[in-house]
Protein chains: 2
Amino acid sequence: MSVKDTYTDAVAGFILEHGLGAVSLRPMAKAAGTSDRMLVYHFGSKAGAIEAGLTRIAERGIEALEALLPPGPRPATELMPMLEGIMRTGAFDASVALLLEVTALSLRGDAPSKLIANRLASDFRDWLAARLTEPERAAELLRGIEGWGVLRGCGLDAPFPTG
Amino acid sequence: MSVKDTYTDAVAGFILEHGLGAVSLRPMAKAAGTSDRMLVYHFGSKAGAIEAGLTRIAERGIEALEALLPPGPRPATELMPMLEGIMRTGAFDASVALLLEVTALSLRGDAPSKLIANRLASDFRDWLAARLTEPERAAELLRGIEGWGVLRGCGLDAPFPTG
DNA sequence: CTACACATGTAGCAATCGCTACAGGGAGTT
DNA sequence: AACTCCCTGTAGCGATTGCTACATGTGTAG
């Protein structure tokens, strides 16, 4: 793994932990064990570093979630309660928050955010489709999950989408 | 309307237009026709100004949406297509983006954001319940609307929730 | 050994950040 | 007239921002 690759991981971790709005070069570089100078050297700019970090996060994407589930497609009536249990632990709160931040930027017209947001969402949708015995329900259920996540972030206890 | 009240409106407008992440005192004061000095004087701090602006936005809340709809409760099969038409115009993209920003902060543990996010979401939920002939479906439909908004922000065309 | 590309540390620049100290201006009260 | 209270402009502070100039190290190919 190249040096730049290591930095990319560190940047991804920093963004996930602190959020897009809290990114600045010096603290992020410190967390990566290097200097702002090096981040700019390797990624060209702050925006480049963020883009690399977000892309890395999108690549890692579903891995963490995948690891918590038994393999193979399931009917929604089985899969959704499993997902609900996982989401309710809060383990993915940071990921949800980041998705919402990127989505907000995308809604405001930020072009790089549009790309990343689209990738994050469609990767999740495709993963969901592959995990369901009723893949045609993926979009509807994804909509429900995202909405549930937003309401959870707002402190409201909406019902989790079911089969 | 007091001077501070005018500033509050201007701050609310600035936040809606540019997003929470882009708020800084001097540009916001310029948009309000005053100086950073005055915003700090009236609101105590940047955080105080933001809180006042967000509260004002929450107060205004549903007004703009309300104005676009015929009065009285409707069945979901009627109301939801109306909402879909309105949302698809993009007129509320900035509002959605702001809600997502606040929700993200709330998910990361920011206490003031938790309050505002909760108020924004529960006001919308209550409004929806009052607008439906089946008010018990408000939470489920709100979840669908929020999820739809997120996916729309991501550039995905999910189906709008229906009756 | 030399040459050259990659990588890095030090130092600093101009801009912006949130915020504050200080000096009033203007209106109303005594 | 003197005093007080609300409001505002000017100026600036120390910190942080993204980024860069310059010098240097380090490893590899010729």
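In what follows, chains are A, B, ... by sequence order, proteins preceding strands, each numbered from 1.
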So which one's nearest nucleotide on DNA chain C is more toward 5', B:P27 or A:T34?
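Comparing both residues, the 5'-ward one is A:T34.
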Just by distance, do the side chain of A:R125 and the backbone of A:L142 share a donor-acceptor pair under 3.5 Å?
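Not confirmed, A:R125 side chain does not pair with A:L142 backbone.
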Distance check needed: [N] [atom2] versus [X] [atom1], whole Å only.
{"X": "A:L39", "N": "C:dG9", "atom1": "CG", "atom2": "P", "answer": "11 Å"}
{"X": "B:F43", "N": "D:dC7", "atom1": "CZ", "atom2": "P", "answer": "12 Å"}
{"X": "B:K4", "N": "D:dT8", "atom1": "NZ", "atom2": "P", "answer": "12 Å"}
{"X": "A:D5", "N": "C:dA7", "atom1": "CG", "atom2": "C1'", "answer": "16 Å"}
{"X": "B:R37", "N": "C:dT20", "atom1": "CZ", "atom2": "C1'", "answer": "8 Å"}
{"X": "A:M28", "N": "D:dC19", "atom1": "CE", "atom2": "C1'", "answer": "13 Å"}

Shortest non-hydrogen contact between A:L39 and A:L25, atoms and distance:
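Nearest heavy atoms, A:L39 then A:L25: CD1-O, 3.9 Å.
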Output yes when at least one side-chain N/O atom of B:H42 is less than 4.0 Å from OP1 or OP2 of D:dC6, else no.
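Looking at the OP1 and OP2 atoms of D:dC6, neither is under 4.0 Å from any side-chain N or O of B:H42.
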Please pick, from [options], the nucleotide with the shortest atom-to-atom distance to any side-chain atom of [X].
{"X": "A:K46", "options": "C:dG18, D:dG18, C:dG9", "answer": "D:dG18"}
{"X": "B:Y41", "options": "D:dT10, D:dC7, C:dT8", "answer": "D:dC7"}
{"X": "A:R26", "options": "D:dG9, D:dG18, C:dG18", "answer": "D:dG18"}
{"X": "B:M38", "options": "D:dT20, D:dC7, C:dT20", "answer": "D:dC7"}

Do NZ/NE/NH1/NH2 and the carboxylate oxygens of B:R119 and B:D126 come within less than 4.0 Å?
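Here B:R119 does not pair with B:D126 in a salt bridge, since their nearest N and O are not under 4.0 Å apart.
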Check this for me, if you would: do B:D36 and B:K46 make a salt bridge, where the nitrogen-to-carboxylate-oxygen distance has to be below 4.0 angstrom?
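Judged by the 4.0 Å cut-off on N to carboxylate O distance, B:D36 and B:K46 do not form a salt bridge.
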